[in-house]
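Values reported hereafter were calculated over all heavy atoms of this structure, with side chains retained and with hydrogens, waters and symmetry mates removed. Position 1 is the first residue of the sequence, and the numbers go up from there.
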Amino acid sequence: MRRSKIEIMAEILQTCSGNGVNITKIVYRVNLNSKVAQDYINCLLKEGFIEPVTDGKRTKYRTTEKGREFIQKFSEIEEDLQALKNAVENSIL
């Protein structure tokens, strides 16, 4: 099943939670190629959902407070949608 762009962004935000991660870790954990991952990272940076953190020569990305709020709200919506889906499936069968 294909993921939506919002689902991919939420996965990136979850991956970047904590002390931050480099782009390689994002690519592997979220299962994207580096070009596509960089496009998402640039969008999330621009909107203030993640921030760059310099670690020596490498740049890591860390989820901001705004990004953490998004993850929380997105998770709640996913739970509500799953509950609704289950209710519909149970009432039809």
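Of all the heavy atoms in Ser34 and Val27, the pair that sits closest is CA-CG2, 3.8 Å. Taking all atoms of both residues into account, the shortest heavy-atom contact from Phe49 to Leu13 is O-CD2, 3.5 Å. Listed here is the closest heavy atom pair of Arg2 and Glu7: O-OE1, 4.2 Å.
Sorted by first and then second residue, the pairs that involve residues 10-22 and meet side chain to side chain donor-acceptor pair (under 3.5 Å), not counting sequence neighbours, are Arg3-Glu11. Applying the side chain to side chain donor-acceptor pair (under 3.5 Å) test to pairs two or more places apart or on separate chains, those with a residue in residues 61-70 are Glu51-Arg62, Glu65-Arg68.
To the nearest 0.5 Å, the span separating CZ on Arg29 from CD1 on Ile12 amounts to 13.0 Å. The OG1 atom of Thr24 sits 11.0 Å away from the NZ atom of Lys60 when rounded to the nearest 0.5 Å. Taking CD of Glu47 as the start and CE of Met9 as the end, the distance is 8.5 Å to the nearest 0.5 Å.
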Side-chain atoms of residues 35-45: list all donor-acceptor pairs with protein atoms under 3.5 Å, sequence neighbours left out, distances to 0.1 Å.
| unit_1 | atom_1 | unit_2 | atom_2 | d |
| --- | --- | --- | --- | --- |
| Lys35 | NZ | Asp39 | OD1 | 2.9 |
| Lys35 | NZ | Asp39 | OD2 | 3.1 |
| Gln38 | NE2 | Asn42 | OD1 | 3.0 |
| Asn42 | ND2 | Gln38 | O | 3.3 |

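The side-chain contact (heavy atoms from CB on, under 4.5 Å) check on Thr54 picks up nothing, with sequence neighbours excluded. Looking at residues two or more places apart in sequence or on another chain, you find no side-chain contact (heavy atoms from CB on, under 4.5 Å) involving Lys57. Scanning for side-chain contact (heavy atoms from CB on, under 4.5 Å) contacts around Lys73 gives an empty result, with sequence neighbours left out.
Looking at Leu81 and Glu76, their side chains never come closer than 4.5 Å, going by heavy atoms from C-beta outward. Annotation: side chain of Val53 is not in contact with side chain of Thr59 (no heavy-atom distance under 4.5 Å).
Grouping the Ile, Leu, Val, Met, Phe, Trp and Tyr side chains by contacts below 4.5 angstrom, directly or via other members, places Ile6 with Ile50.
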